[in-house]
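These figures come from a predicted structure and were not determined experimentally. We name chains A, B, ... by the order of the sequence lines, and we start the count at 1 in each one.
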Amino acid sequence: MKTSARTEKIRKILRTRYTDVKTQLEYNNPFELLVATILSAQCTDKQVNKVTDNLFRKLKTPHDFATAPVEIIEKLIKSTGYFRNKAKNIQNCSRSIVENYEGRVPKNLEDLTKLPGVGRKTANVVLGAAFGIPGIVVDTHVSRIAQRLNLSDNKDPVKIEFDLMKIIPEKEWNDFCLHLIYFGREICRARKPLCNDCPVTKLCDYKDKTM
DNA sequence: CTCCCGATAT
DNA sequence: ATATCAGGAG
């Protein structure tokens with residue numbers, strides 16, 4: 001089967017299975033989403049929501065985060081892991097937003113990725129969810145599934161990003177990645193993927209070796 | 001490449 | 001005990 005036809009079928013199956021997808025992160029504005037996404041590195045969304053609920057009650061604006069003692073931020077986000085790096089990054093990120101962007105989260109990839117602690121994955125999450133700007137979000141799920149479904153031969157996240165950009169219509173970029181993420185959590189899990197329950201198994205050559 | 005790092009599932 | 005969780009920086 002041609003790659004495009006196979007990709008089309010995969011997209012359709014996932015689209016049908018997962019309607020109305022969105023990030024599980026809880027936020028009230030672009031800045032909160034940025035902070036929540038930085039916190040979500042190597043951490044579940046659920047765990048992030050647990051701390052941001054309280055965090056955003058104590059600290060609201062970029063200015064609040066820029067001027068708070070970093071130890072306070074560390075304490076508030078500790079349970080998300082990597083708390084020293086994340087606290088420092090969130091603070092420096094907030095300072096940059098205050099100093100360089102008039103207190104507003106920039107709306108383009110180039111400026112976003114200049115912020116400390118913000119890579120392409122985080123930037124694309126914010127662009128997509130907060131501003132409706134299309135982007136391919138390559139996280140651990142997207143990376144894993146792109147390889148299992150043979151949508152990309154590459155292991156480098158940036159190369160995967162560009163591979164997917166070529167085979168997915170731009171308007172679908174955000175939803176497609178969310179579909180893969182939902183699919184990755186439910187079926188195509190890192191450990192013990194549920195190949196027997198998989199809706200795209202006929203389009204997939206990957207077979208779970210642990211079964 | 002290594003380091004950062006707590007919570008959870010298996 | 002170990003792998004993994006919507007990664008990024010040095």
Side-chain angles (χ1 to χ4, degrees), chain A residues 14 18 20-27 30 32-55 70-71 73-96 106 109-131 133-148 151-152 154-161 164 168 173-195 208-211:
Chain A
L14 294 178
Y18 305 107
D20 199 30
V21 289
K22 60 177 168 52
T23 175
Q24 301 300 114
L25 295 171
E26 292 166 5
Y27 61 98
E32 287 190 2
L33 175 60
L34 178 63
V35 172
T37 310
I38 291 173
L39 291 176
S40 74
Q42 296 294 297
C43 182
T44 60
D45 289 3
K46 195 174 166 187
Q47 199 65 30
V48 172
N49 292 335
K50 236 165 92 181
V51 313
T52 50
D53 182 46
N54 181 43
L55 176 67
V70 72
E71 294 79 13
I73 303 177
E74 286 181 0
K75 200 171 178 179
L76 287 166
I77 67 168
K78 188 162 186 183
S79 66
T80 64
Y82 300 155
F83 62 92
R84 290 190 187 86
N85 275 343
K86 287 176 181 176
K88 180 154 49 79
N89 284 335
I90 289 169
Q91 175 149 82
N92 289 332
C93 198
S94 301
R95 287 175 177 164
S96 176
L109 191 68
E110 196 186 332
D111 286 338
L112 276 168
T113 51
K114 280 181 193 159
L115 298 171
V118 181
R120 297 182 70 92
K121 177 260 168 183
T122 300
N124 276 317
V125 167
V126 171
L127 287 174
F131 302 128
I133 297 169
I136 294 287
V137 174
V138 181
D139 69 347
T140 178
H141 294 299
V142 173
S143 171
R144 179 179 70 253
I145 297 169
Q147 295 185 52
R148 286 183 181 171
L151 298 176
S152 171
N154 290 302
K155 209 179 167 198
D156 173 12
V158 181
K159 289 181 179 171
I160 295 172
E161 182 181 333
L164 294 182
I168 307 295
W173 287 352
N174 293 107
D175 280 353
F176 180 70
C177 291
L178 282 166
H179 289 150
L180 290 189
I181 288 159
Y182 277 60
F183 177 55
R185 284 202 283 248
E186 188 195 6
I187 305 285
C188 199
R189 307 184 298 198
R191 269 191 298 185
K192 294 180 66 178
L194 306 179
C195 296
D208 182 13
K209 296 162 188 72
T210 66
M211 290 174 70

In whole Å, measure the gap between the P atoms of dA6(C) and dC3(B) for me. 24 Å
In Q47(A), K86(A), Q24(A), K121(A), the residue satisfying side chain to side chain contact (heavy atoms under 4.5 Å, CB included) with S40(A) is K121(A)
### Message
Please classify the nucleic acid contact of T23(A) as base, sugar-phosphate, or nothing, using heavy-atom distances under 4.0 Å.
### Response
base
**Q.** Whole-angstrom distance between dA7(B) and dG8(C), as gauged at atom P
**A.** 22 Å
Here the distance between atom P of dC5(B) and atom CD1 of I38(A), to the nearest Å, is 15 Å
note: N124(A), atom CG; dA6(C), atom C1'; distance rounded to Å ~ 12 Å
Check your understanding: Which part of the nucleic acid, if any, lies within reach of S40(A) when heavy atoms closer than 4.0 Å are counted: base, sugar-phosphate only, or nothing?
Key -> sugar-phosphate
Closest of dC4(B), dT10(B), dA6(C) to the N85(A) side chain is dC4(B)
Open item on the list: Using a 4.0 Å heavy-atom cut-off, does V48(A) contact any base of the nucleic acid, only the sugar-phosphate backbone, or nothing at all?
Closed with: nothing
Residues passing the salt bridge (charged side-chain N to carboxylate O under 4.0 Å, His left out) test with R120(A), sequence neighbours excluded, are E161(A)
Whole-Å distance, I136(A) CD1 to dA6(C) P, equals 18 Å
Discussion item. Any base atoms under 4.0 Å from Q42(A), or only sugar-phosphate, or nothing? Heavy atoms, all strands.
Written reply: base
The residue among I160(A), D156(A), L180(A) that forms side chain to side chain contact (heavy atoms under 4.5 Å, CB included) with V138(A) is I160(A)
Taken to the nearest whole Å, CZ/R191(A) to P/dC5(C) is 8 Å
#### Entry: Six-ring centre of Y82(A), R84(A) cation under 6.0 angstrom, axis tolerance 45°
no
Do any side-chain nitrogens or oxygens of S79(A) fall under 4.0 Å of OP1 or OP2 in dG6(B)? no
Atom CG of L39(A) and atom P of dG8(C) are separated, to the nearest Å, by 13 Å
| field | Within-4.5 Å side-chain heavy-atom neighbours: E26(A) and N49(A) | value | yes
- Message: Taking any heavy-atom pair under 4.0 Å as a contact, classify L25(A): base, sugar-phosphate, or nothing.
- Response: nothing
Touch class at under 4.0 angstrom, heavy-atom based, for K86(A) against every strand present: nothing
Between A190(A) and L115(A), the residue closer to the 5' end of DNA chain C by nearest nucleotide is A190(A)
Next item on the list: Please test F131(A) against V126(A) for side chain to side chain contact (heavy atoms under 4.5 Å, CB included), starting from the C-alpha separation and ending with a verdict.
Entry: CA-CA 7 Å; F131(A) 302 128; V126(A) 171; 4.1 Å; yes
Using a 4.0 Å heavy-atom cut-off, does Y82(A) contact any base of the nucleic acid, only the sugar-phosphate backbone, or nothing at all?
base
By nearest-nucleotide position on DNA chain C, the 5'-leaning member of T44(A) and K114(A) is T44(A)
Separation of dC4(B) atom P from N89(A) atom CG, nearest Å, is 14 Å
- Item | R144(A) vs dC5(C): side-chain N/O to OP1/OP2 distance below 4.0 Å | yes
The residue, R84(A) or K50(A), whose nearest nucleotide of DNA chain B is more 5′ is R84(A)
Separation of dC5(C) atom P from E186(A) atom CD, nearest Å, is 16 Å
In whole angstrom, give me the gap between the P atoms of dA3(C) and dT2(B). 15 Å
If the cut-off is 4.0 Å, is T122(A) near the phosphate of dG8(C), judged by side-chain N/O to OP1 or OP2? yes
F83(A) atom CZ is separated from dC5(B) atom P, nearest whole Å, by 6 Å
